[in-house]
Amino acid sequence: MTSDLRDRKATLRSRLMAARRAVSPEIRAVEAAALAAHVAALDVGADDTVCAFLPVGSEPGDATWLDGLRCRVLLPIVTGDSPLDWAVHTGPDGLVPAAFRLLEPSGPRLGASAIAGASLVLVPALAVSVSGVRLGKGQGHYDRSLPLVKAPLVAVVRDSEVLADVPAEPHDVRMNGVLTPSVGLRWL
């Protein structure tokens with residue numbers, strides 16, 4: 001990665017994180033309710049598997065946004081520099097504190113390849129471009145996991161985080177869609 005590209009990504013991350021911290025609790029609550037309604041309306045059946053995540057900090061959504069999914073839901077488990085591991089989400093009582101202020105399922109780990117069996121993957125992002133380039137937090141956890149996926153990839157961001165352009169690297173896996181509080185699911 002060139003120094004210029006690294007600097008552009010760092011500047012964009014910093015700007016987006018500052019904007020997220022400025023969002024009021026009231027707006028966060030409204031966004032979380034809207035995302036929960038959109039997730040409940042997703043076209044997934046009881047036999048489908050959705051890989052998702054639990055928002056932390058200033059990420060859009062809250063712990064209840066997955067309650068409307070009536071299918072098998074897998075949540076990530078961070079395993080250092082390896083691709084993400086996955087475990088079944090059984091509800092709030094089945095979650096334990098983990099690294100990076102995350103909550104993760106306490107049940108059996110299914111391995112990194114579990115994401116390959118998903119029907120849909122909801123991916124955390126700081127931003128996504130209209131052409132599907134996702135900007136994450138820079139640790140590479142999803143970059144190592146998304147190449148295993150054949151299902152649609154949907155970045156979850158605030159409406160203001162859908163951008164005309166996001167700096168891209170050759171390893172970046174493009175998103176197929178974006179889920180925002182105001183619009184819901186939009187295919188890219």
Side-chain angles (χ1 to χ4, degrees), residues 28-80 82-126 128 132 134 136-137 139-158 161 173-188:
R28 286 182 188 171
V30 169
E31 289 176 340
L35 284 172
H38 295 313
V39 167
L42 291 174
D43 186 21
V44 292
D47 294 332
D48 289 325
T49 296
V50 173
C51 288
F53 64 97
L54 290 173
V56 295
S58 59
E59 291 178 334
D62 65 18
T64 65
W65 77 305
L66 301 178
D67 293 348
L69 286 172
R70 303 291 176 232
C71 64
R72 182 176 183 234
V73 177
L74 302 183
L75 295 179
I77 298 172
V78 177
T79 57
S82 300
L84 295 166
D85 202 338
W86 298 88
V88 175
H89 176 50
T90 60
D93 293 338
L95 298 171
V96 295
F100 306 105
R101 299 181 299 138
L102 299 174
L103 292 174
E104 64 185 32
S106 59
R109 293 181 178 199
L110 304 175
S113 64
I115 195 172
S119 305
L120 179 71
V121 181
L122 300 174
V123 184
L126 288 173
V128 65
R134 172 187 166 270
K137 292 184 178 176
Q139 300 300 312
H141 299 295
Y142 277 88
D143 292 329
R144 290 184 285 276
S145 298
L146 295 179
L148 303 171
V149 179
K150 293 176 180 46
L153 301 170
V154 176
V156 180
V157 295
R158 290 191 164 82
E161 297 167 344
V173 176
R174 301 274 173 146
M175 300 292 104
N176 305 106
V178 60
L179 180 68
T180 64
S182 294
V183 178
L185 177 59
R186 177 177 60 177
W187 296 109
L188 300 173

Identify the residue among Leu179, Leu122, Val156, Leu120 that makes a side chain to side chain contact (heavy atoms under 4.5 Å, CB included) with Leu185. Leu179
Suppose the criterion is side chain to side chain donor-acceptor pair (under 3.5 Å): which pairs have a residue in residues 174-188, not counting sequence neighbours? Ser131-Arg174, Asp159-Thr180, Asp159-Ser182
Test item: Val173 and Pro147 side chains (from C-beta on) under 4.5 Å apart, heavy atoms: yes
I want to check something: taking the side chain as every heavy atom from C-beta on, are Val121 and Lys150 in contact at a cut-off of under 4.5 Å? no
Which atom of Pro152 lies closest to which atom of Ser119, heavy atoms considered: CD-O, 3.3 Å
With a 4.5 Å heavy-atom cut-off, do Val88 and Arg72 have their side chains touching? yes
Point-to-point distance, once rounded to the nearest 0.5 Å, from CD1 of Ile77 to CG of Leu84: 9.5 Å
Are Val157 and Leu126 packed together at the side-chain level, in the sense that at least one heavy-atom pair is separated by less than 4.5 angstrom? no
What donor-acceptor contacts under 3.5 angstrom involve side-chain atoms of residues 94-110, with partners at least two apart or in another chain?
| unit_1 | atom_1 | unit_2 | atom_2 | d |
| --- | --- | --- | --- | --- |
| Ser106 | OG | Gly94 | O | 3.1 |

Heavy atoms of Pro55 and Gly61 approach each other most closely as CG-C, 3.7 Å
Can you check side chain to side chain contact (heavy atoms under 4.5 Å, CB included) on Leu75 and Leu54, steps first, answer last? CA-CA 8 Å; Leu75 295 179; Leu54 290 173; 3.8 Å; yes
Is there side-chain contact between Val123 and Met175, with heavy atoms separated by less than 4.5 Å? yes
Donor-acceptor pairs are to be reported for all side-chain atoms of residues 29-46 against protein atoms at under 3.5 Å, with residues two or more places apart or in another chain.
| unit_1 | atom_1 | unit_2 | atom_2 | d |
| --- | --- | --- | --- | --- |
| Glu31 | OE1 | Arg158 | NE | 2.7 |
| Glu31 | OE1 | Arg158 | NH2 | 3.1 |
| Glu31 | OE2 | Arg158 | NE | 3.2 |
| His38 | NE2 | Pro181 | O | 2.8 |

Could I get the full list of side chain to side chain donor-acceptor pair (under 3.5 Å) partners for Asp85, not counting sequence neighbours? none
Could you report the tightest heavy-atom contact between Ala52 and Val73, atom names first, then the distance? CB-CG1, 4.3 Å
Can you name the residues that form a ring-ring contact (aromatic ring centres under 6.0 Å, His included) with Tyr142, not counting sequence neighbours? none
Taken in chain and number order and not counting sequence neighbours, the residues that satisfy salt bridge (Lys or Arg N to Asp or Glu O under 4.0 Å) with Lys137 are Glu59
Provide the closest heavy-atom pair for His141 versus Ser145 in the form atom of the first, atom of the second, distance. O-OG, 3.3 Å
Tell me, do His89 and Leu74 make a side-chain contact under 4.5 Å, heavy atoms counted? no
